[in-house]
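Notes for the one structure printed next.
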There are 2 protein chains.
Amino acid sequence: MKPISVLLVDDHLVVRSGLKALLGTQPDITVVAEAASGEEALAAVQQHPADVVMMDLAMGEGMDGIEAIKRLRLASKQQAVLVFTTYDSDADIVRAVDAGAMGYVLKDAAPEEIFAAVRGAAQGKSVMSAPVASKLFQQLRNPDEVLTPREAELLSLLTRGLSNRELGKRLFISEATVKTHLAHIYAKLGVETRAAAIAVAIRREGMR
Amino acid sequence: MKPISVLLVDDHLVVRSGLKALLGTQPDITVVAEAASGEEALAAVQQHPADVVMMDLAMGEGMDGIEAIKRLRLASKQQAVLVFTTYDSDADIVRAVDAGAMGYVLKDAAPEEIFAAVRGAAQGKSVMSAPVASKLFQQLRNPDEVLTPREAELLSLLTRGLSNRELGKRLFISEATVKTHLAHIYAKLGVETRAAAIAVAIRREGMR
DNA sequence: CCCGGCATCAGCCAAAAGGCGGAGAGACCA
DNA sequence: TGGTCTCTCCGCCTTTTGGCTGATGCCGGG
């Protein structure tokens with residue numbers, strides 16, 4: 001049996017080096033390449049077609065992890081993409097799964113969990129950390145709390161600190177409509193004021 | 001010459017393991033212990049009185065990095081504390097320096113920079129990444145934009161989505177005073193509304 | 001073809017937030 | 001002692017926001 005080949009994508013050298021050290025302890029797993037950005041990852045996968053791509057979502061400048069996943073999937077369906085990141089925001093999870101990620105593991109996971117995720121991904125199985133799975137269930141159970149595209153768009157601008165008037169101009173809708181959307185958003189997020197909505201959006205929904 | 005002993009504090013195993021691998025390549029630096037939380041760090045430093053403590057600021061549950069630095073400094077002035085973290089938010093930097101950190105290095109720094117920081121800290125010198133130094137200068141140049149302790153406290157609660165009334169109750173001050181503080185905060189942050197203030201606070205000031 | 005969800009808009013009213021000027025007490029420093 | 005900060009508080013007025021009710025057009029599934 002050939003070992004599982006892995007491509008690491010993370011903008012932090014320490015993380016890559018730590019991951020390599022960890023994975024190196026497993027005889028059936030080999031790190032064949034590393035990349036510090038989405039761009040590098042796309043290039044690296046040409047040279048080293050790995051079985052599993054472990055990817056961070058937040059990567060400083062340039063292409064973000066989600067975009068990188070999409071392009072990787074487009075370029076070739078050979079390798080499975082495993083998200084390996086710090087945060088478990090609802091929005092990130094949904095977007096990653098949507099982009100075609102096979103698994104979602106948090107950086108504070110135990111080594112065994114990480115190994116299991118890599119092996120699972122290599123076999124085409126979905127693996128995710130408990131908190132991540134729990135969030136996904138949450139969403140499935142309460143579809144009433146899922147924002148519509150328009151609401152999400154508005155919320156995103158809201159976190160930029162715009163007033164109702166400004167939101168209206170930006171989205172080419174009347175202030176009245178802005179208010180209606182806001183009322184719906186508040187209900188779905190479980191808040192009463194725009195201030196709280198912004199706080200929730202940035203922290204929970206990951207709208208940075 | 002004895003090698004420099006280092007204690008690593010970070011809640012992510014991958015980061016600790018990567019850092020250990022990196023520092024291990026330097027003959028004059030030895031990692032003598034690791035800790036995954038502020039509490040563990042305080043205990044570990046008793047067993048292994050290291051020359052330098054490398055500490056992350058964001059550490060999930062429990063004591064945060066700033067608090068850990070303060071307690072470490074109280075417990076013993078022997079070791080130098082070097083902050084090693086992902087973000088360079090103004091608030092974090094100021095608070096860390098205030099708590100007694102000797103240096104501030106970002107996780108995306110080059111290995112040489114990390115080594116230099118460890119050696120510097122061991123010799124009692126201050127070392128910080130360029131972006132960090134730049135932010136500090138910024139603050140020195142514009143002291144008008146630095147929040148007072150009370151203002152920072154209020155802003156922190158503001159990002160929780162509280163109303164003026166709630167802020168007043170929480171801080172045992174009148175709503176009028178809350179408004180006064182807010183006006184000052186808005187001026188310092190360069191915004192006009194509480195929504196924008198929250199956005200800036202969470203993103204720029206790192207008040208998560 | 002009707003119903004439900006979505007997006008759009010209106011008007012009314014109460015509450016909250018924000019702008020402005022003024023002011024006193026305590027701390028700290030030159 | 002005088003000047004400067006910081007924190008505290010007041011009143012008055014305008015703007016913004018949020019709650020409520022109701023309505024229209026569009027689209028897609030049953």
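Proteins get letters first, then strands, A, B, ... in listed order; numbering begins at 1 in each.
- Here the rule is side chain to side chain contact (heavy atoms under 4.5 Å, CB included) with Val31(A), and of Leu19(A), Leu7(A), Leu23(A), Ile4(A) only Leu23(A) fits it.
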Pairs under 3.5 Å (N/O, protein and nucleotides 24-30 of chain C):
none

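- Taking atom CD of Glu192(A) as the reference point, atom C1' of dA15(C) lies 13 Å away to the nearest angstrom.
- Between Leu72(A) and Met55(A) the shortest side-chain heavy-atom distance falls below 4.5 Å.
- The CD1 atom of Ile198(A) lies 11.0 Å from the OG1 atom of Thr159(B); values are rounded to the nearest 0.5 Å.
- If you take CZ of Phe172(A) and P of dA7(C), they are 17 Å apart, rounded to a whole angstrom.
- Between the OH atom of Tyr186(B) and the C1' atom of dA16(C) there is a distance of 11 Å, rounded to whole Å.
- Per the geometry, CG belonging to Leu171(A) stands 8 Å off P belonging to dT8(C), to the nearest Å.
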When you compare the protein's N or O atoms with those of nucleotides 4-6 of chain C, which come within less than 3.5 Å of each other, and at what distance?
none

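- Taking 4.5 Å as the limit, every side-chain heavy atom of Val118(B) sits out of range of all side-chain heavy atoms of Phe84(B).
- Under the 3.5 Å distance criterion, with hydrogens and angles disregarded, no donor-acceptor pair is assigned to the side chains of Thr180(B) and Thr177(B).
- DNA chain D is contacted by Ala176(B), Thr177(B), Thr180(B), His181(B) of residues 175-184 of chain B, taking any non-hydrogen atom closer than 4.0 Å.
- Reading DNA chain D from its 5' end, the first and the last nucleotide to sit under 4.0 Å from a heavy atom of chain B are dT6(D) to dC10(D).
- For Thr193(B), there are no side-chain hydrogen bond (donor to acceptor under 3.5 Å, both in side chains) partners, not counting sequence neighbours.
- Whole-Å rounding puts the Asn164(B) CG to dG18(C) P distance at 6 Å.
- Helix bend of the helix from dC1(C)-dG30(D) to dA30(C)-dT1(D): the angle between its two end axes, each built from five pairs, comes to 40° after rounding to 10°.
- Atom CD of Glu175(B) and atom CD of Glu166(B) lie 10.0 Å apart (nearest 0.5 Å).
- The distance from atom NE2 of His12(A) to atom CG of Asp10(A), rounded to the nearest 0.5 Å, is 6.5 Å.
- Checking Val81(B), Thr85(B), Leu82(B) one by one against Met54(B), the side chain to side chain contact (heavy atoms under 4.5 Å, CB included) holds for a single residue, Leu82(B).
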message = Using salt bridge (Lys or Arg N to Asp or Glu O under 4.0 Å), reason through Glu67(B) and Arg71(B) one step at a time and then give a plain yes or no.
response = CA-CA 6 Å; Glu67(B) 184 62 29; Arg71(B) 303 221 188 162; 3.0 Å; yes

